[in-house]
Each structure stands twice: as structure tokens, then as C-alpha cells.
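Quick caveat: nothing in here was measured; it's all calculated off a predicted structure. In what follows, chains carry the letters A, B, and so on, assigned in the order in which the sequence lines appear, proteins first and then strands, with residues in each chain numbered from 1.
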Amino acid sequence: MAGDEINNGFGECGYFEAKKSKLEEQFAAASDPFRKSNLFQGISIFVNGLTDPSANELKQIMMVHGGTFHHYERSHTKFIIASNLPDVKVRNMNTSKIISAQYIVDCVENKRVLDYKPYLLYTNQKTTQPRLVFGKGKNTSRANETMAVSMSETAPEPPPVENDLGKILKVLQLAAVAATSPKKETADKTVADVSTLSHSVRTAVDPAFLGEFYKNSRLHHIATLGAGFKQYVCELRQAHGNQPFPKRNELRSVLSGKQEMNADSAHYVMHIDMDCFFVSVGLRSHPEWRGLPIAVTHSKGGSAATDVPVHPQSDRQAERALFADRFEHQLHDNFRADKVRTGFEKKMSLSEIASCSYEARAKGIRNGMFVGQALKLCPELKTIPYDFEGYKEVAFALYDTVAQYTLNIEAVSCDEMFVELTDLVADLQVDVMTFVAHLREEVRSKTGCPCSAGVGSNKLLARMATKKAKPNGQFLLAPGIDVLAYMAPTPLEELPGVGSSMRHKLAQAGLRNCGDVQGTSREKLESLLGKKLALTLQQHSLGIDTRPLVYEQQRKSVSAEVNYGIRFSNASECETFLRQLSAEVKTRLTDIKRKAKSVTLKVMVRAAEAPIEASKFMGHGVCDTLNKSAMLQHPTDDVNIITSNVLKLMKEFDLPPHELRGIGIHLSRLSDVNEVKKENVLLQMFEKMSEKRKIETTAVEVQEEPQPELEQAEQQQQVDLEPQQPLDMSSEWKNSTNTSIKNTAVDPEVLAQLPEDIRQEVLDNMEEHLQPKHSEQRGRKRRKPKNAVRRSLPFPSAPAPLSKVSANKPSNRAQHLRHELSKRYRGGGQTDEIVMDYIDKVSNHVHPAIFEYISRPEVEVSQNLQGAAAAPRPQPPATLQNYLLGSNYKTMLADWVSNQRYPNHTDIITMNEKLAELVKGRYSSRIYDIMKHLCRLIKHKHEDVCEWHMAFRFIEDTVQHHMMEFEGYQMMLAESISCVMCEPM
DNA sequence: ATCCTCCCCTAC
DNA sequence: TAAGGTAGGGGAGGAT
């Protein structure tokens, strides 16, 4: 799957890039399908200055042959490749590992690792002719020979290094081959398609699309790296505990003596941010381009960016007009409007600029601008490609550098964070900006990239300071200054949270800078923006920021979204993609070890007036966006449940697949996997057993004549577990009951077409889901007996729901039952006499045996009451999922009661639901047994817990309520709980 | 009042 | 050609 490619190193094992062992590194290498050999395994190089081959070419060579390319020199960098270094530079370097680039070339040519000494630039041994010598022992040379043989491109094979590793590598390489082969199978379509087959992946219909897209998406990388570093800070903090920071001592001795301390007790928050991050990382290997206007983008620039093929069904003029209209009249986004206005010329590249250098910015180029537009502003703009690995590498170096001094870090993104400095500078006894300068220099030397930092008394002011500091500088918003006066001239859009939309809205009201807002009444702001936004805006305009630094951030949602390359021609292509995306989002969910209770599907649909094809290649064009969500009954991380809900939501949108331009799946209301486990013990037991049972019963037959309630619950479960089955409309409404789409309305038109009794059932179900989840109400809720239920009951009409008053009229009920009995068992003789006599006597509570007796079909009526009670009920439908009916219900109850100190709310609800099903199914004697057993378990619980007593009474109460509704009588129960502590009055 | 859904906005 | 994601905060308006 796409999983590997999407994984940025923040998988469940955490930041493997940073910590991973050698072995893991080799694993990763072996699974790379582009790998030609492992020639340079364990060898790392750093390229200093101009070389031939160039740094980029050397990087390619190293990657393809299993080596490591360092973008900056590290202590463990094995070789430094250079051609000529200035004396000044060399003087302070360890020259024993500076070699010529020719070494790499010769190694590849000879297909073995050569002795590097002849290639040293700064020793006596320097020669131009490499000696063909193996530097190491016999074993190695043998290995090298084998390697040389195995380096043929058609049959790449790992060197037989350490035996185990060799085997593992081999397996992994085989796996990599296997993983790529299905791609080729899709080629079976037509022979005429051959021309397109050779092309790269285009639309989301291609099974490899998702992986390709995420591999190349800058926004995806920005987002996942950001999330990754938030988690990284958490991990570092947890791993660190209360240990000291040794680096502080080192710094203290370096800076000691020359510092006069800040005597004030000011609060210091630092905001640190890399300067035009992507560009800086890209320039590490091309220092000769520093000072030029540079942009990072997918477009290769030059003529490729000014003569772009145009799709016949696209219409740039029309699309531009539409976009411009939206941006100018609805969204007021000047930048985007401008981008469309001047960037949409025919044949100009619509590739976006992810990051541009300050020299490019000076010409008016901005991040996010189209390349075509940027080239008009600056024809000599140089474009460089993305280096996602490099961004991660540098980001780790940045975070690790800061983390040496403190872990009071709030990660904002991969290149930006807030750091609480108050305690740190007090501990170091240094001036705050001295520390910042030292830190920035360390970051620069470790990453090879410049950064800027601002310091203020809160996050807002620190950020403002950074704006002043950029590029490559630092700035302190001194604690003593008049903050109000300082903020007043600041344009509002410089405040965090104020974007183009809000800027425009405020400008309409005559508010442009912080000073304007400072003097505006709260009422006016609130009417403009709403309560909360008004408050924060006003506070920010005064330089006040109450937001604390959040060091350990908890994720609240997970999502996966693709608004590029979505072009389906039919529903099945769409469904296939939805399944892939569901799997993707499920992986992300399990990666963070959480479960979700809400699923939201987001779609982008081509706007009615928009051209069929977007101007931007595979772009979404002008679209309308729609969201729809479904609440799950329980938190889940089951891919099948997620998928079935996603498919259902898509079906509800009822959109033509060919008009879709974007799809996203969001999971929210997350809970911890372990919390869920604790919280829902019973349900987990049920589900576990139903899984097991599913495997055991191979063929699950669908009942021709669905039994009412239980049957529906069961069908729902099947949809959840088996979304592979196509969903037809007729099953959809039935399925929309217990588990899923509680909050989605049923189409009234569909509803109108249903037969009366079925419609009533649907309405009842909907009503049921709108009931509050609170246990009291749910358990005690009055339920109208349904037609369908009645049909299966022996009584022609079930008793109407009884109020408390009528329920307490035993003689009426006894008469009723007697009447039914006599009708049914005419001439039944002695037995029925006994039964009726019994009923008269007990009046209020009926023994389960009686229920058993009267609910048996006529043919089975036996002569003797005892036998009747013992007679087995007809087997429940094979699909019935109520495990309270299973033979091991006692074990399950015992597990529940004994493992939990206090009963869970959700477990009690589950229990009530399952017992209610039993009531409706008339499993009276089982109910009797369950209640008896449960009562005993609670009584004999090691520790007397009133919560359990109350739980039992509540369950008992609910059961009796249901009995009263469906049978007209309460059940005689064997035991009850009495406790002086919690007994109700 | 408080919750829910469906947005919109913002930031990187 | 091109890779227009992701997460969080919050408002409007309706349901309870």
C-alpha cells in the first residue's frame, strides 16, 4: 500500500529517522525499488562546494547504491567530498576524510568499494590514479567480489554480509518486487492503452495514485511533518523525565564571565522560525546559488513553465472569471484573486511555489504563487525541486538542538516553535538574547540553514518580534516598552488569526490596524465577528495574549483528503477510491492509537458554471464543497466500519461521480484505544464473540422473513463488518438503524414509497436514535409496541404501554392472561387450571416458567408444566448476536462483575439493550437465570460496592419495565439486592 | 444553556 | 502539465 511512502518517519515507533538502528536503516533501504546495489552501505558523504559530479548527482549515486548523503557535516560523516577548498576553510578541518568526487565514480565503475586513500585531497598520498586495492580484510574483499557480480542491474541482490541481515534484505527485496507487480496487472485493460500505460499515474483511478500523490504533495508533507514534531516533543519530554540538561553547563562555561544578567523578573517566550525553509534546505547543496531569486516548485521552470499543454475541455478565461468573482466578491482574498488574474495566462505554468528566497520576494514573488505569474515578475527566477527528506533531516536537527537546553517547547510546525525561556535563562545566568544568539548559531551550524528568532513576554509578542527579526536575525520586544503604542500601527492582518477574510470584514468597518481596534467598543466587534473572535482580536491588538504554551498536544481529529486528480467515470471507480482512502485514514488513526466516534465525508463538486476540465492539470477547478457526517455507536478503528459509513455518506450525497473533484474523510471524537477498552468491557466481549462466531459459521444466510428488532440489529452489524457486499437501496434504510447514521435524515421521497408498516418502523428507529443517551431516560423510555413485533406475539394485540397506575392492577391483568390462556388452550385440562390458579395468586410477578409455557406454539403444548418449562426453545436465528443467549453467559457476567471495580455506564446500557432484546424474544427463563446469576455475583463481589448494587437495581428496573410493556406482567425474580447503604427509601 | 451539524477561516 | 493537505477554532442555526 501507499503506507510506506506516506510514512514520514512518524509511524507508531516514532521518529525512526532520528533514532532508527542500523538494521532498520538497511531494511528501509532494501525495500526501495530504485535501489541498484548496496555498494555504499554504511558509507556517508558530505559535499563541500562545487564538485564534478555535482552534489546532486553524487546524492543520486549514493542513494541508488545504498549510501547516505549528508546535507551538512556530521561527526559521523565518513567522507567529505570536495574539489578545492580555500585554505582558510581547510585549516580548521580534519583533512583526513576530504576526498575527491572521483572516488565515488570509480567505486561505481569498479562495482566495489575502493581504498579511499589515493583520493585524499590533503595528504601525501594524493594521486590521480586510484589504486585497485581492498582496504580491509579477506572477508570483505570476498564480499566485494560478490557484490560486484550482484551489481548487474537486472538482478540486484544484497551482498552476503552478516548472514541474517543478508537474508532479511533478500526477503525484503523480493517483497518489494511483489509489491510493485500488481501495478502491472492493471495493464490488462486494452492493448491500445499502451501509450498511456508508459505514462506516470494520472488520476485517482490508478491504484498507485494515492501513494504518488502523497509522495509529492508539499501540503501533505507540511501537515504531517508538523503533526510529527508535535508528537516528537511529547516523546522527548516523556523520555527525558526530570533529568538535567548537560548542555546547559557547557554553555554556562562558554558564556560565563562576559555576561551581566537580566535582573528583571520578566517572562520570556521565544519564537524561532527557519528562514524560507524549503529554499534554505535546497541551497545547502548549492551554496553557489545563494543570493539569487530561487523558488521551490514542481515545475522545472524555463520554457517548460511558459509553454504548458492545455486540455481541450478547459477554459482558462471562463475559469479565471469564475475564480476572480469568488475571491473578490465572496472571499475577498486579494492574493488569490490576483494569482488568478495575472497567473492564468494561456500556457503559463500553474504549478505552485512552495517557498521562495528573499531575493525572489523582493521582486514581488510570494509563496503559493503560480510559477507562470512568478516568471512574469522575475524571468530569471531559478526553480529548484523539493527535497522532502532534507526538510525532515533539517527539522530534526533544529528540534534536537533546541531540545538540548529545554523541553518546554511548543511545536508549531516542522520549522517553527515557541520555547519558554524564562527558567532557562535564569538557570544559565545569561542575558536572554545572548542565549538566543548562541542557539541560532548552533542551529545554523548544525543545519546549514539560517533561522530567525523573536522574544517577547507572550506568544503573540514573540511572533511579532520574529517578523521584525527576519531574515536571519533576532529581536527582543523589551519587557519595559509601551506595548500599546508599539502595537497601534501594526496592520491587523499581522495578528495571528486574521486572514484575508477577516481583514476585509474589518476594513469594511473602518478598522485597519491595531490602534483602530484598541479604540473600538467590544459590542461593535462582537456584532462583526462573534463573541470569542472579538475578545481575542481586541486582546491581541493590545498586545495581550493569554494562550499558554502547550507542550504536549493531543490530537482531536485525523483526516485524509485529496482534491487533486479526482476524475471518476463511474460509481465503482469512486467506491474503489473511497475504500483506499478509508484504509489510509484508518492507518493514520491506528498509528496514533486512537478510535473515532464520528466519520465525516467531504466532497468537492464541480461548480455548475465551471468548465468540465480545470485549467490546472488535474486540478479541482471551481468547486462547491459539501460535508456530511455520521455518528458511530461506539468508538472504532475498524476499517470496515469506517468504509461502510463513508460509502453510505457518499450514497446519500447522490452526486454524479464524474462531477467529483475532491474527496476527504475526517475522523473525529477520538478516544484512546485503552480508554475505550476499559469503558466498554461488555460490548467488547460481545463483539469479540460475534467476530469469532462469524468465522465459525461460514455461510451467513439472510432471513427471508426478518424478525423485527433483533434481526435489524443483526443486519446492521453485518453491514459494519462486511462492507464488501454491495449496498442496495432496499437494505440501506434497514441498515440505518442501530450503529451508524443516526444523524442523517432519511430522504422523505424514499420514505413515502415504503409500505406503511415499514415506514412506521423506520420512523420509530429514527425516533429511537434521537433519544438522549442518558441512561435513565434510555432505559426507562416508553416504547410503543410495533406492528411487526406484535405479529410475532401469540397475543392478537399486545397490551398498551401501562402507566404506573394501570400496571398496579393485578386482577385485570390476571383476568386478561386467564382469558388468553383459555382461548388458546381450550380444554387444556388440569395443567391450565394450575397455571391460572397460580397467576391469580402471584398476581404481580409471574414466574418465567409461565411465560415459557404460554409463549410456546400450540403443537408443543405438553401435558405437564414442568416439561414445558424444560422444553428447549426453538433455536434463535443463526444470525442472532445476543450472547446472553450463549452457553457461556455466566462466564461473561463473572468476567464483567469481577474485573471492574465500578460498573461502567456504557456496559450497563449494553446490558439493558441486550436484556431488552431477550424480553422481546421472550427468552424469559434465560432472563431469569441471568438476573439471578448477576445478583449473586454482585452480592459475592469481594468488595461491597454500592455502584454495583445500584447498577443491578437499574437493570432489574429496566427489565421489569420491558416485561410490563411486552407481556403485561413483571417477572418474578429469584433474588434481589438489599444494602443499608444504598437501599432506596 | 448546551449540544449538534455544517460550514468557514486560519496557519503551516 | 502537477501533485490544491491537515488540524484546530469558532460561528450560525437548529434540536433538545
Under 5.5 Å and under 30°: A/His298 stacked on C/dA3: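 No, aromatic ring not over the base.
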Is there a side-chain contact between A/Arg522 and A/Leu535, using heavy atoms and a 4.5 Å cut-off?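 Side-chain contact under 4.5 Å: yes.
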When you compare the side chain of A/Ile566 with that of A/Met604, does any pair of heavy atoms fall below 4.5 Å?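 Sidechains of A/Ile566 and A/Met604: no contact.
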Could you state the atom-to-atom distance from [atom1] of [X] to [atom2] of [N] in whole Å?
X        : N     : atom1 : atom2 : result
A/Leu219 : C/dG5 : CG    : C1'   : 5 Å
A/Arg555 : C/dG9 : CZ    : P     : 13 Å
A/Met604 : B/dC8 : CE    : C1'   : 13 Å
A/Glu584 : C/dT6 : CD    : P     : 8 Å
A/Asp387 : C/dA3 : CG    : C1'   : 17 Å
A/Glu416 : C/dA7 : CD    : C1'   : 15 Å
A/Leu210 : C/dG4 : CG    : C1'   : 15 Å
A/Arg336 : B/dC8 : CZ    : C1'   : 11 Å

Looking at [X], does any N or O in its side chain come under 4.0 Å of the phosphate oxygens OP1/OP2 on [N]?
X        : N      : value
A/Arg669 : B/dC4  : yes
A/Ser501 : B/dC9  : yes
A/Thr224 : C/dG5  : no
A/Ser413 : B/dA11 : no
A/Lys556 : C/dG9  : yes
A/His666 : C/dA7  : no
A/Ser559 : C/dA7  : yes
A/Arg218 : C/dG4  : yes
A/Asn627 : B/dT5  : no

Categorize [X] for me: base, sugar-phosphate, or nothing, with a 4.0 angstrom heavy-atom threshold over every strand shown.
X        : answer
A/Glu493 : nothing
A/Ser349 : sugar-phosphate
A/Val310 : nothing
A/Ala560 : sugar-phosphate
A/Leu495 : sugar-phosphate
A/Met502 : sugar-phosphate
A/Gly372 : nothing
A/Gly619 : base

Could you tell me whether A/Lys470 and A/Asp273 have a side-chain N and a carboxylate O separated by less than 4.0 Å?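 Here A/Lys470 pairs with A/Asp273 in a salt bridge, since their nearest N and O are under 4.0 Å apart.
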Using 4.0 Å as the upper bound for N to carboxylate O, is an ion pair formed by A/Lys215 and A/Glu212?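 Yes.
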Criterion side-chain hydrogen bond (donor to acceptor under 3.5 Å, both in side chains) against A/Glu410, the qualifying member of A/His271, A/Lys459, A/Gln553: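 Of the listed options, the one satisfying the test is A/Lys459.
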Looking only at side-chain atoms of [X], point me to the closest of [options].
X        : options              : result
A/Ser629 : B/dC6, C/dT6, C/dG4  : B/dC6
A/Tyr214 : C/dT6, B/dC4, C/dT1  : C/dT6
A/Phe370 : C/dT1, C/dG4, C/dT6  : C/dG4
A/Asn216 : C/dA3, B/dC12, C/dT1 : C/dA3
A/Arg463 : B/dA11, C/dT6, B/dC9 : B/dA11
A/Val558 : C/dG4, C/dA7, B/dC12 : C/dA7
A/Ser351 : C/dT1, B/dC12, C/dA3 : C/dA3
A/Lys616 : C/dG8, C/dT6, C/dG4  : C/dG4
A/Leu626 : C/dT6, C/dG4, B/dC7  : B/dC7
A/Met631 : C/dG8, B/dT5, C/dG4  : B/dT5

Pairing donors with acceptors under 3.5 angstrom, does anything connect the side chains of A/Ser598 and A/Ser629?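 A/Ser598 vs A/Ser629: no donor-acceptor pair found between side chains.
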Are A/Gln231 and A/Glu235 linked by a side-chain donor-acceptor pair shorter than 3.5 Å?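 The criterion, which ignores hydrogens and geometry beyond distance, is satisfied for A/Glu235 and A/Gln231.
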I'd like to check the ring-ring contact (aromatic ring centres under 6.0 Å, His included) partners of A/Tyr391; sequence neighbours left out, ordered by chain and number.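 Partners of A/Tyr391 by the ring-ring contact (aromatic ring centres under 6.0 Å, His included) criterion, ordered by chain and then number, come out as A/Phe277, A/Phe278, A/Phe388.
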Going by side chain to side chain donor-acceptor pair (under 3.5 Å), name the residues that satisfy it together with A/His620, two or more places apart in sequence or in a different chain.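 With sequence neighbours excluded, A/His620 shows a side chain to side chain donor-acceptor pair (under 3.5 Å) to no residue whatsoever.
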Tell me whether the guanidinium CZ or amine NZ of A/Arg320 lies under 6.0 angstrom from the six-membered ring centre of A/Phe323 and within 45° of its axis.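 No cation-pi geometry.
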Is the charged tip of A/Arg588 near the ring of A/Tyr214: under 6.0 Å from the six-membered ring centre and within 45° of its axis?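 Yes.
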For DNA chain C, find the residues of residues 530-541 of chain A with a heavy-atom distance under 4.0 Å and give them by number; none if there aren't any.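 Residues of residues 530-541 of chain A under 4.0 Å from DNA chain C: A/Gly530, A/Lys531, A/Lys532, A/Leu533.
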Check if the side chain of A/Arg588 and the base of C/dT6 share a donor-acceptor pair of N or O atoms closer than 3.5 Å.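 By the distance-only test, no, there is no pair.
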Starting at the 5' end of DNA chain C, which residue's closest nucleotide do you reach first, A/Tyr564 or A/Gln554?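 Closest to the 5' end, via its nearest nucleotide, is A/Tyr564.
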